[in-house]
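All values below were derived from every heavy atom in this structure, side-chain atoms included, with hydrogens, water molecules and symmetry-related copies excluded. The chain is numbered in sequence order, starting from 1.
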Amino acid sequence: IQKREEVEQPVAKLPRKLRRLPEGLIAQKLSNVRRKSLHELFQVHNHRCLFNVRTPQGALLELAFDRATITPAQQPSCRMEFQELEIELKDGTEEALQEFAERIREQFGLLPSRLSKFERGLQVTALRPPLAQIRREVQRLEDSGLANELLRPLQKRDAAVKLAYRHLFELFKEMLCQEPRAWEGLDPESVHQMRVATRRLRAALRAFRRVLPAEPRKAFNREFKWVAAVLGDVRDLDVYQDNLQHYTKELPEADGTYLSDFQQHLAKQWRQARKQLLECLSSDRYDELKASFTEFLQSGPSEFGGKTVGSSTIGEVAKKAICSQHKAVLRDGRAIKSDSPDEALHTLRIDCKRLRYLFEFFDPIYGQALSRWIKRLKKLQDVLGDFQDACVATDRLYAYASSVPMAAENRGQLIATGQLIPMGRRSTGICRRRHKNDCEGSRRAVSDPARSCGCTGVVSAILAARRCRIVGARTFA
């Protein structure tokens, strides 16, 4: 149940300019707003049907069936369309409203919304409302003064635990921002963004493990891993179903029509993954994770800053963390051969991702010394990610094709899936063209981006891994 103030005012026609609002309640509410600075973010076009309902308890409810389209002002093509049922209490008790809404939800399998149309408008324009107004966890953190404390400029000689809490706070806020959007699922990108925020939270816990208390750090890492895995199942199927439309264009039209059963198979898996995501986000376990992590952040960096484990400086932690991860990238990158298993390139991708996250965590302190290498690592990580996606796509096709009985009525379906599998194989094979010696000459010619962190040779890790990059490859995953 949401409680909010609504202001309604009938007008003969909509004003063409926001600065010239007709006299009335809305103009009064906006009297303190500088209208010259207002500009249109999005438009909401809504078709509404209204019905009044009297419950057995005597409560009067207004049912509004909405069919809405939100169109951004700057990118009209990126519109959002949805249908929604709003139930407004006109007279009676909240208990009667709650009981009626629950009966409707169970009978028709409706998903309770967590965003208003305005908040969805901000979502489609890549903006967000002040989180402290809509998320109690953020309100608690801001009331504690933690936000102001973490915004203070930091230098290499400052305690690393302060930088750790800054990143944990910002990433936690981003996760909470994306949570209601991922819950509603109107835009698949929201699931991806929440998954990224959760992954980065785990990366920050790992990067600053030397200055954070061990027991809560391990517990939070385990719980965020659980959330990231549930989000990952939905995200992977979102991407795969979207890409399948491109796969079918590579097939003869007659063969592509036989993939309908496979598409239904993917849709069924997606619905199951969505169900598990909703169960996760509505569970007591997830609520406990948010509450306990909020309490952990509220304690602030001062609680651990004076202890031995938390007294290391930013410069010291950067040196140890980057050097350690750089060695892992070098070791696994140099081990890649033309016949290395797919798992070896997957391990290298994880190594590069962790090194990139480290660069990003310390980038605010070291600035331009790391920025350009973050871009190079991202490109390499994207290449290895395409390779991993191609492997997963091939495995998924194999698993499905193996489940289809060898019968005459399945001939077309088996032929169609059989044509897709070699496409994935060709994509993965492109990654194995380069040998590590191809980069030896260029490695000596490039300066070290992490020298200012006290770690030498990081660029050699990047260059050593470049031999498995894909150049102009079309990846079917």
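For Glu102, the salt bridge (charged side-chain N to carboxylate O under 4.0 Å, His left out) partners are Arg105, not counting sequence neighbours. For Lys378, the salt bridge (charged side-chain N to carboxylate O under 4.0 Å, His left out) partners at least two apart in sequence or on another chain are Asp382. Under the side chain to side chain donor-acceptor pair (under 3.5 Å) criterion, Asp158 pairs with no residue, sequence neighbours left out. The side chain to side chain donor-acceptor pair (under 3.5 Å) check on Glu94 picks up Lys3, with sequence neighbours excluded.
Relative ring orientation between Phe293 and Phe220 is described as perpendicular, the plane-to-plane angle rising above 60° on a 0-90° scale split at 30° and 60°. Between Phe118 and Phe42, the ring planes are tilted. Angles from 30° to 60° get that label.
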Give the C-alpha distance, both sets of side-chain angles, the deciding distance and a yes or no for side-chain contact (heavy atoms from CB on, under 4.5 Å) between Asp236 and Val392.
-> CA-CA 9 Å; Asp236 291 344; Val392 172; 6.0 Å; no
Would His265 and Gln263 count as a side-chain hydrogen bond (donor to acceptor under 3.5 Å, both in side chains) if you check the C-alpha gap in whole Å, the side-chain angles of each, and the deciding distance to 0.1 Å?
-> CA-CA 5 Å; His265 169 74; Gln263 292 172 331; over 6 Å; no
Test ring pair (Phe, Tyr, Trp, His ring centres under 6.0 Å) on Tyr165 and Phe172 and set out the steps.
-> CA-CA 10 Å; Tyr165 269 77; Phe172 187 52; over 10 Å; no
Arg103 and Gln107: CA distance, side-chain angles, deciding distance, side-chain contact (heavy atoms from CB on, under 4.5 Å) verdict | CA-CA 6 Å; Arg103 288 173 56 190; Gln107 184 172 355; 5.8 Å; no
Quick one: do Leu97 and Leu61 satisfy side-chain contact (heavy atoms from CB on, under 4.5 Å)? Show the steps, please.
-> CA-CA 7 Å; Leu97 171 62; Leu61 307 177; 3.9 Å; yes
Determine, stepwise, if the pair Leu277 / Arg274 fulfils side-chain contact (heavy atoms from CB on, under 4.5 Å).
-> CA-CA 5 Å; Leu277 174 59; Arg274 274 288 300 176; 3.8 Å; yes
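Counting heavy atoms from C-beta outward, Tyr366 and Phe359 have side chains that stay 4.5 Å or more apart. Annotation: side chain of Arg222 is not in contact with side chain of Lys225 (no heavy-atom distance under 4.5 Å). Side-chain contact check for Met194 versus Arg199: every heavy-atom pair is 4.5 Å or farther apart. At least one side-chain heavy atom of Leu168 sits less than 4.5 Å from a side-chain heavy atom of Leu205. Two residues are said to be in side-chain contact when any heavy atoms from C-beta on lie closer than 4.5 Å; Arg396 and Gln269 meet this criterion. The closest side-chain heavy-atom distance from Arg210 to Ser312 is not below 4.5 Å. Taking the side chain as every heavy atom from C-beta outward, Phe208 and Ile314 never approach each other to under 4.5 Å. Counting heavy atoms from C-beta outward, Arg200 and Glu174 have side chains that stay 4.5 Å or more apart.
When all heavy atoms are compared, the tightest approach of Asp332 to Ile336 is O-CG1, 3.4 Å. Considering every non-hydrogen atom in both Pro188 and Asp238, the closest pair reads CB-OD2, 3.7 Å. Among all heavy-atom pairs drawn from Thr71 and Thr69, the shortest one is OG1-CG2, 3.9 Å. The shortest heavy-atom contact between Leu278 and Leu111 is CD1-CD1, 3.8 Å. Taking all atoms of both residues into account, the shortest heavy-atom contact from Val234 to Ala273 is CG2-O, 3.4 Å. Of all the heavy atoms in Ala335 and Ser340, the pair that sits closest is O-OG, 3.5 Å.
The number of heavy-atom neighbours closer than 6.0 Å to NZ of Lys327, taken from other residues, nucleotides and ligands shown, is 12 or below. For Gln75, the CD atom sits in a loose shell: 12 or fewer heavy atoms of surrounding residues, nucleotides or ligands are nearer than 6.0 Å.
Interatomic distance, CG of Asp242 versus OH of Tyr240, reported as 12.5 Å (0.5 Å rounding). A distance of 10.5 Å separates CG in Asn221 from CZ in Arg209, rounded to the nearest 0.5 Å. For the atom pair CZ of Arg166 and CG of Leu297, the computed distance is 14.0 Å after rounding to the nearest 0.5 Å. With rounding to the nearest 0.5 Å, the separation of CD in Gln193 from SG in Cys177 is 9.5 Å. Here Phe361 contributes atom CZ and Leu163 contributes atom CG; the two are 9.0 Å apart, rounded to the nearest 0.5 Å. Rounded to the nearest 0.5 angstrom, Arg67 CZ and Asn46 CG are separated by 10.5 Å.
Here the side chain of Trp183 pairs a donor or acceptor atom with the backbone of Pro112 at under 3.5 angstrom. Side-chain N or O atoms of Glu119 include one that pairs as donor or acceptor with a backbone N or O of Ser116 at under 3.5 Å. No donor-acceptor pair closer than 3.5 Å links the side chain of Ser324 to the backbone N or O of Ala321. No donor-acceptor pair under 3.5 Å is formed between the side chain of Arg206 and the backbone N or O of Ala203. In this structure, Gln325 contributes its side chain and Ile322 its backbone to no donor-acceptor pair below 3.5 Å. Proximity of a side-chain donor or acceptor of Asp66 to a complementary backbone N or O of Ala68 within less than 3.5 Å is not detected. Under the 3.5 Å distance criterion, the side-chain polar atoms of Thr313 are left unmatched by any main-chain donor or acceptor of Arg157.
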Distance-only donor-acceptor hits, side chain of residues 79-89, under 3.5 Å, sequence neighbours excluded:
unit_1	atom_1	unit_2	atom_2	d
Glu84	OE1	Lys117	NZ	2.9
Glu84	OE1	Arg120	NH1	3.4
Glu84	OE2	Arg120	NH1	3.2
Glu84	OE2	Arg120	NH2	2.9
Glu86	OE1	Arg48	NH2	3.3
Glu86	OE2	Lys117	NZ	2.9

For residues 349-358, which side-chain donor-acceptor pairs fall under 3.5 Å, sequence neighbours excluded?
unit_1	atom_1	unit_2	atom_2	d
Arg349	NH2	His346	ND1	3.4
Arg356	NE	Glu360	OE2	3.0
Arg356	NH1	Gln381	OE1	3.2
Arg356	NH2	Glu360	OE2	3.4

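A salt bridge links Arg114 with Glu179: the closest approach of a Lys/Arg side-chain nitrogen to an acidic carboxylate oxygen falls below 4.0 angstrom.
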